[in-house]
Amino acid sequence: MLVSQAEPYIKQYYNGDRPSSDRWQWQVCDRLDRAIVLHSLNIDLPMSEVYRRINF
């Protein structure tokens with residue numbers, strides 16, 4: 001997971017298939033009103049929480 005310090009932008013690489021697979025996928029989230037899915041933890045992380053108390 002790459003998290004920008006200069007703007008609301010997160011790029012995440014994750015294994016979309018079985019854990020033993022070599023097939024990786026990626027997703028980008030760049031809006032504060034959205035959430036990024038943490039597939040390995042099975043949760044949605046709101047971008048507003050990641051960038052809480054940060055003014056752009």
Side-chain angles (χ1 to χ4, degrees):
M1 180 177 293
L2 304 170
V3 180
S4 173
Q5 298 178 69
E7 62 184 334
Y9 185 90
I10 296 177
K11 181 185 271 186
Q12 177 191 29
Y13 293 89
Y14 63 96
N15 193 329
D17 293 331
R18 298 180 302 275
S20 62
S21 175
D22 290 335
R23 188 172 180 182
W24 288 85
Q25 299 177 2
W26 60 277
Q27 68 177 344
V28 170
C29 194
D30 60 357
R31 293 180 38 197
L32 289 174
D33 62 340
R34 305 204 69 189
I36 192 155
V37 178
L38 302 180
H39 297 274
S40 61
L41 300 174
N42 198 26
I43 62 170
D44 293 348
L45 180 61
M47 292 284 284
S48 60
E49 286 297 312
V50 174
Y51 290 101
R52 184 178 56 176
R53 293 189 271 173
I54 307 235
N55 296 320
F56 295 106

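Along the sequence shown, residues are numbered consecutively beginning with 1.
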Flag if over 12 foreign heavy atoms under 6.0 Å of CD, Glu7: yes
From Leu38 atom CG to Ile43 atom CD1, the distance as rounded to the nearest 0.5 Å: 4.5 Å
Shared hydrophobic cluster for Phe56 and Tyr9 (ILVMFWY, side-chain gaps under 4.5 Å): no
Result of checking Val50, Leu32, Val3, Asp30 against Pro8 for side-chain contact (heavy atoms from CB on, under 4.5 Å): Leu32
Point-to-point distance, once rounded to the nearest 0.5 Å, from OH of Tyr13 to CH2 of Trp24: 11.5 Å
All pairs passing side chain to side chain donor-acceptor pair (under 3.5 Å) where residues 43-56 contributes a residue, at least two apart: none
Value rounded to 0.5 Å, distance of CE in Met47 from CD1 in Ile36: 6.5 Å
Residue pairs involving residues 29-48 (criterion ring pair (Phe, Tyr, Trp, His ring centres under 6.0 Å); sequence neighbours excluded): Tyr14-His39
SG on Cys29 to NZ on Lys11, rounded to 0.5 Å: 13.5 Å
Heavy-atom check, side chain of Gln27 versus side chain of Val37, under 4.5 Å: yes
Over 12 foreign heavy atoms within 6.0 Å of CG, Asp33: yes
Common cluster, Ile10/Leu2, ILVMFWY with side-chain heavy-atom separation under 4.5 Å: no
